[in-house]
Amino acid sequence: MYFLKRLLMIAPLLLIISFLAFVLVKVTPGSPFDRERKPASPEIERAIKAKYHLDEPICKQYLRYLGLVWEKDETGRWRHASPGFDVSLKYRNHSVTDIIAQGLPVSLCLGLLAFGFAMGVGLPIGYFTAARRGHWEDYAGSFVAILVICVPGLVVAPILVMLLAIEWRLLPVALW
């Protein structure tokens with residue numbers, strides 16, 4: 001029963017998170033047109049807003065963001081409306097999907113390696129400190145766990161690169 005309740009709470013939670021993400025993007029000051037060296041003409045700006053559906057009412061934009069908008073095409077059939085994330089605005093000759101697909105394998109590999117390392121180190125330390133509760137090993141393991149949680153990755157990462165790649169030459173510095 002507990003699992004079923006938690007499972008049923010996932011949908012509203014995801015809806016709330018998606019709504020907050022959408023609102024944060026909308027209330028952030030500025031627009032893509034503000035960063036250009038020479039400002040776009042009003043006609044070009046209107047055309048781009050129409051292409052990416054930024055001229056639609058905010059409710060329809062949110063439904064499109066969720067992927068719930070269906071529209072009639074030229075033949076009169078109902079089709080799922082695309083969100084308009086086709087071409088990258090920064091890399092003109094690449095689609096957003098291609099850019100994500102290019103970096104996804106490396107990100108997944110790094111994420112799985114980090115997860116495996118965390119489980120491989122954390123579980124034995126947790127088991128050992130639980131078995132030696134109240135002894136100095138318990139306090140040392142707890143201290144290390146709190147230290148690992150509290151020190152940000154931006155501090156640890158350069159130190160690990162320096163040690164593992166430059167000093168000990170165990171890993172390459174770059175070129176994944």
*Common cluster, V156/L163, ILVMFWY with side-chain heavy-atom separation under 4.5 Å*: yes
_With rounding to the nearest 0.5 angstrom, report the CG to CG distance, L112 to L108._
6.0 Å
*Give the cluster check for V121 versus F115: same hydrophobic cluster or not, with ILVMFWY residues linked at side-chain heavy-atom distances below 4.5 Å.*
no
*Close side-chain approach of Q61 and L54, heavy atoms under 4.5 Å*: yes
*Going hydrophobic residue to hydrophobic residue with side-chain gaps under 4.5 angstrom, can you get from V151 over to L160?*
yes
*Find the distance between CG (L147) and OG (S142) and round it off to the nearest 0.5 Å.*
12.0 Å
Expected list for residues 11-21: side-chain donor-acceptor pairs under 3.5 angstrom, two or more places apart:
from: S18; atom 1: OG; to: L14; atom 2: O; distance (Å): 3.4
from: S18; atom 1: OG; to: L15; atom 2: O; distance (Å): 2.9
from: S18; atom 1: OG; to: Y62; atom 2: OH; distance (Å): 3.0

_On a heavy-atom basis, which atom in I166 and which in V173 lie closest, and how many Å separate them?_
CG1-CG2, 4.2 Å
*Which pair of heavy atoms, one from G153 and one from P158, lies closest together, and at what distance?*
O-CD, 4.2 Å
*Should Y65 and I58 be counted in the same cluster of Ile, Leu, Val, Met, Phe, Trp and Tyr side chains packed under 4.5 Å apart?*
yes
*asked:* Is there a continuous path of hydrophobic side-chain contacts, each under 4.5 Å between heavy atoms, that joins I159 to L171?
replied: yes
*asked:* Can you pull out every salt bridge (Lys or Arg N to Asp or Glu O under 4.0 Å) where at least one residue sits in residues 154-172? Sequence neighbours excluded, please.
replied: none
*Non-neighbouring partners of K26 that pass salt bridge (Lys or Arg N to Asp or Glu O under 4.0 Å), sequence neighbours left out*: none
*Give me the one residue out of E45, H53, K51, R46 that meets side-chain contact (heavy atoms from CB on, under 4.5 Å) with K49.*
E45
_To the nearest 0.5 Å, what is the distance between CG on L7 and CD1 on I10?_
5.0 Å
*Whether over 12 other heavy atoms sit under 6.0 Å from E43 CD*: yes
_Flag side-chain contact, heavy atom, 4.5 Å: R6 against M9_ = yes
*asked:* What's the separation between atom CZ in F22 and atom CG in L66, rounded to the nearest 0.5 Å?
replied: 8.5 Å
